[in-house]
Asker: 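First the structure, then my questions, so here it is.
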There are 2 protein chains.
Amino acid sequence: MIRLSKLTDYAVVVMTAMIQGDGGPHTAISLAERTGLPAPTVSKILKLLARDGLMASHRGATGGYRLARAPDAINVAQIIAAIDGPIALTDCVEGAAGACGVESLCPRRGNWDRVNRAVRGALEGVSLADMARPSFPDPVLPKAAPALPATADAI
Amino acid sequence: MIRLSKLTDYAVVVMTAMIQGDGGPHTAISLAERTGLPAPTVSKILKLLARDGLMASHRGATGGYRLARAPDAINVAQIIAAIDGPIALTDCVEGAAGACGVESLCPRRGNWDRVNRAVRGALEGVSLADMARPSFPDPVLPKAAPALPATADAI
DNA sequence: GCAATCCGGACCAAATCAGTACCCTTTAAG
DNA sequence: CTTAAAGGGTACTGATTTGGTCCGGATTGC
């Protein structure tokens, strides 16, 4: 369903939690406690983010993680790429003589690129700062519905 | 990787194959032969597309499928929705007292909606007619690279 | 009536992903 | 210098999803 992995969702939660804290470095354990996520999972996420340069890590006894850039200089596309790897909408066919006839139909592939670019642009347009914003523009009914936040909006 | 399912890719292949044929109805078997895809899979795709009103089906001895609308009146978002169901980028948490603390962090959810809308807009901007177009604007080197079309562009 | 086609399920196997655990390296405090 | 705390990396396992198949039934034209 074009849904991105749960880890990516968690990554946004963790990063927004870091924004809300003070400027000091955050340990994986403290972030796990603040977010309610399992500690090993948080550690894994932080490692992936640090590998892509979205986090600055400091090792040692008083170490921890810190955002490498300002929240509005990080966009959703970068986070997704760090966690889920490069985003390819289709794999078409990875091998040679797979289905797809004799790739005589695969000019279609070139057009998927167009779709990919459109999606990429959309994701780059939303920054981490946007995700951390209170967001709810509705002044009334901040929590009217019962505890069923559940699935995000459908396309 | 935010990649959409292979079935969606196939759906586009099948639909473009229908455009190239004459105006008459296409049977699932004939489309399977033309595309090189397994017949049961093609049948499944056609059923899904018909269920969402993208195809017009005609039963009986001389039955078959036909595009319900003109190719430029069908966009990629509709095809994806028909095959993969409503596109939710995140499930956040479907149940009640899952992780995510006590949903005190889940205002984030509202912002995923913003991302969803952006992606949806990007997908709605590409029509089936666009996907069926020869696509390659490069007059030179229509097939310079070896037979490694493989993965589509990464984000 | 017969044959061809669509229709709607259920079903199974394979791939992928989330989550966990383990061990190593690095760094700072005492 | 020693010790403890923290990140870094790898491998494994269970669960979820997905791709693909099959069957019986309904519908239409010949």
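In what follows, chains carry the letters A, B, and so on, assigned in the order in which the sequence lines appear, proteins first and then strands, with residues in each chain numbered from 1. The figures that follow rest on heavy atoms only: side chains count, while hydrogens, waters and symmetry mates do not.
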Asker: Could I get a table of every N or O pair under 3.5 Å where one atom is in the protein and the other is in nucleotides 27-30 of chain D?
Answerer:
unit_1: D:dT27; atom_1: O4'; unit_2: B:Arg59; atom_2: NH2; d: 3.1
unit_1: D:dT28; atom_1: O2; unit_2: B:Ala61; atom_2: N; d: 3.3

Asker: Please report, rounded to the nearest Å, how far the C1' atom of C:dT20 is from the CG atom of A:Leu7.
Answerer: 12 Å

Asker: State which residues pass side chain to side chain donor-acceptor pair (under 3.5 Å) with A:Arg69; sequence neighbours excluded, sorted by chain then number.
Answerer: A:Gln78

Asker: Quick one: does B:Thr16's side chain have a donor or acceptor within less than 3.5 Å of a partner on B:Val12's backbone?
Answerer: yes

Asker: Counting distance only, does the side-chain N/O of A:Thr35 pair as donor-acceptor with the main-chain N or O of A:Leu31 below 3.5 Å?
Answerer: yes

Asker: With a sphere of 6.0 Å drawn around CD1 of B:Ile19, does it hold more than 12 non-hydrogen atoms of other residues, nucleotides or ligands?
Answerer: yes

Asker: Could you check how far CG of B:Asp52 sits from C1' of C:dG8, rounded to whole Å?
Answerer: 15 Å

Asker: Rounded to whole angstrom units, what separation is found between the NZ atom of A:Lys6 and the C1' atom of D:dT17?
Answerer: 12 Å

Asker: Could you tell me how far apart A:Asp9 (CG) and C:dC17 (C1') are, to the nearest whole angstrom?
Answerer: 15 Å

Asker: For A:Arg66 and D:dA6, what is the distance between atoms CZ and C1' respectively, to the nearest whole Å?
Answerer: 14 Å

Asker: What's the closest nucleotide to the side chain of A:Pro40 if the choices are C:dC6, C:dT20, D:dG8?
Answerer: C:dT20

Asker: For the CG atom of A:Leu54 and the CG atom of A:Asn75, what is their distance to the nearest 0.5 Å?
Answerer: 8.5 Å

Asker: Can you tell me how far P of D:dT18 sits from CD1 of B:Ile80, to the nearest Å?
Answerer: 14 Å

Asker: Mark yes or no for whether A:Asp84, through its side chain, and A:Ala81, through its backbone, hold a donor-acceptor pair below 3.5 Å.
Answerer: no

Asker: If you assign each of B:Thr27 and A:Ala39 to its closest nucleotide in DNA chain C, which residue comes earlier from the 5' end?
Answerer: B:Thr27

Asker: If you take any heavy atom closer than 4.0 Å to DNA chain C, which residues from residues 41-50 of chain A end up in contact?
Answerer: A:Thr41, A:Lys44

Asker: Mind checking if A:Ile29 touches a base, just sugar-phosphate, or nothing, with heavy atoms under 4.0 Å?
Answerer: nothing

Asker: Quickly work out the A:Asp84 CG to C:dT16 C1' distance and round it to whole Å.
Answerer: 12 Å

Asker: Taking only the side-chain nitrogens and oxygens of B:Tyr10, find out if one of them lies under 4.0 Å from OP1 or OP2 of D:dG20.
Answerer: yes

Asker: How many Å lie between CZ on A:Arg51 and P on D:dT10, as a whole number?
Answerer: 10 Å

